[in-house]
Amino acid sequence: MNDDQLNRLLRGLPKEKASPDFTKRVLANLPSGDTQGKFLRHTTWIVAAGLILVVMVGLLFGLKVRHAAGERRIKKEIQQLRIEHQILKTNLAELRNRLQQAPTTVYLGGDEHVDYILDLKQLHHIRPARYDNP
């Protein structure tokens, strides 16, 4: 049997008329009270809970993204500090090497009777004789 045959058979059935109290009996079988109001109240709470959940998920996602960006920034800064540390370490080694190669005595001058030589290893603290105020 196909749809056309079924439709033809259904149309051939006699039409039933509802009794005059049909509507009253159907309404009497429905639960009494404000069912539409209850439905709306429950729906409102469900929608509110859903919105709160969506906002919380959005905030958590935003925090996670911000945290990941902060971690990337910190890692980049640490890498820059490591590079700068390596440069400073190289410069310090170069200065120490130059210091070891530098002469330890300085000729200050003199005359036919005396020569003034300064031994830099003997100096512990050098201070100027006076400070000039510009």
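Side chains are part of it too, since the values below use all heavy atoms of this structure and drop only hydrogens, waters and symmetry mates.
By the neighbour-count criterion of 12 heavy atoms within 6.0 Å, atom CG of D3 is sparsely surrounded, having that number or fewer from other residues, nucleotides or ligands. Around CD of E84, the count of heavy atoms belonging to other residues, nucleotides or ligands within 6.0 Å does not exceed 12. Open room surrounds CZ on F61; 12 or fewer heavy atoms of other groups in view lie less than 6.0 Å from it. Within 6.0 Å of the CZ atom in R25, the count of heavy atoms belonging to other residues, nucleotides or ligands exceeds 12.
Atoms CG and CG, on L92 and L88 in that order, are 8.5 Å from each other to the nearest 0.5 Å. Rounding to the nearest 0.5 Å places CG of L81 at 12.5 Å from NZ of K76. In this structure, the separation between CG on N29 and NZ on K24 is 14.5 Å, given to the nearest 0.5 Å. The CG atom of L9 sits 11.0 Å away from the CG atom of D4 when rounded to the nearest 0.5 Å. With rounding to the nearest 0.5 angstrom, the CZ atom of R8 is 7.5 Å from the CG atom of N2. Taking NE2 of H67 as the start and CZ of R72 as the end, the distance is 11.0 Å to the nearest 0.5 Å.
Within the 4.5 Å cutoff, side-chain heavy atoms of I83 are placed close to those of Q79.
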request  = Apply side-chain contact (heavy atoms from CB on, under 4.5 Å) to the pair L13 and L10, showing each step before the final yes or no.
outcome  = CA-CA 5 Å; L13 289 173; L10 288 173; 4.0 Å; yes
ask   = Between K64 and L60, is a side-chain contact (heavy atoms from CB on, under 4.5 Å) present by the stated rule, with each step listed?
value = CA-CA 6 Å; K64 185 175 180 177; L60 290 175; over 6 Å; no
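Applying the side-chain contact (heavy atoms from CB on, under 4.5 Å) criterion to L108, with sequence neighbours excluded, gives V106, Y116, L118. Residues satisfying the side-chain contact (heavy atoms from CB on, under 4.5 Å) test with T23, not counting sequence neighbours, are L27.
For the side-chain hydrogen bond (donor to acceptor under 3.5 Å, both in side chains) with N97, the qualifying choice from Q100, E94, Q101 is Q101, the only one to do so.
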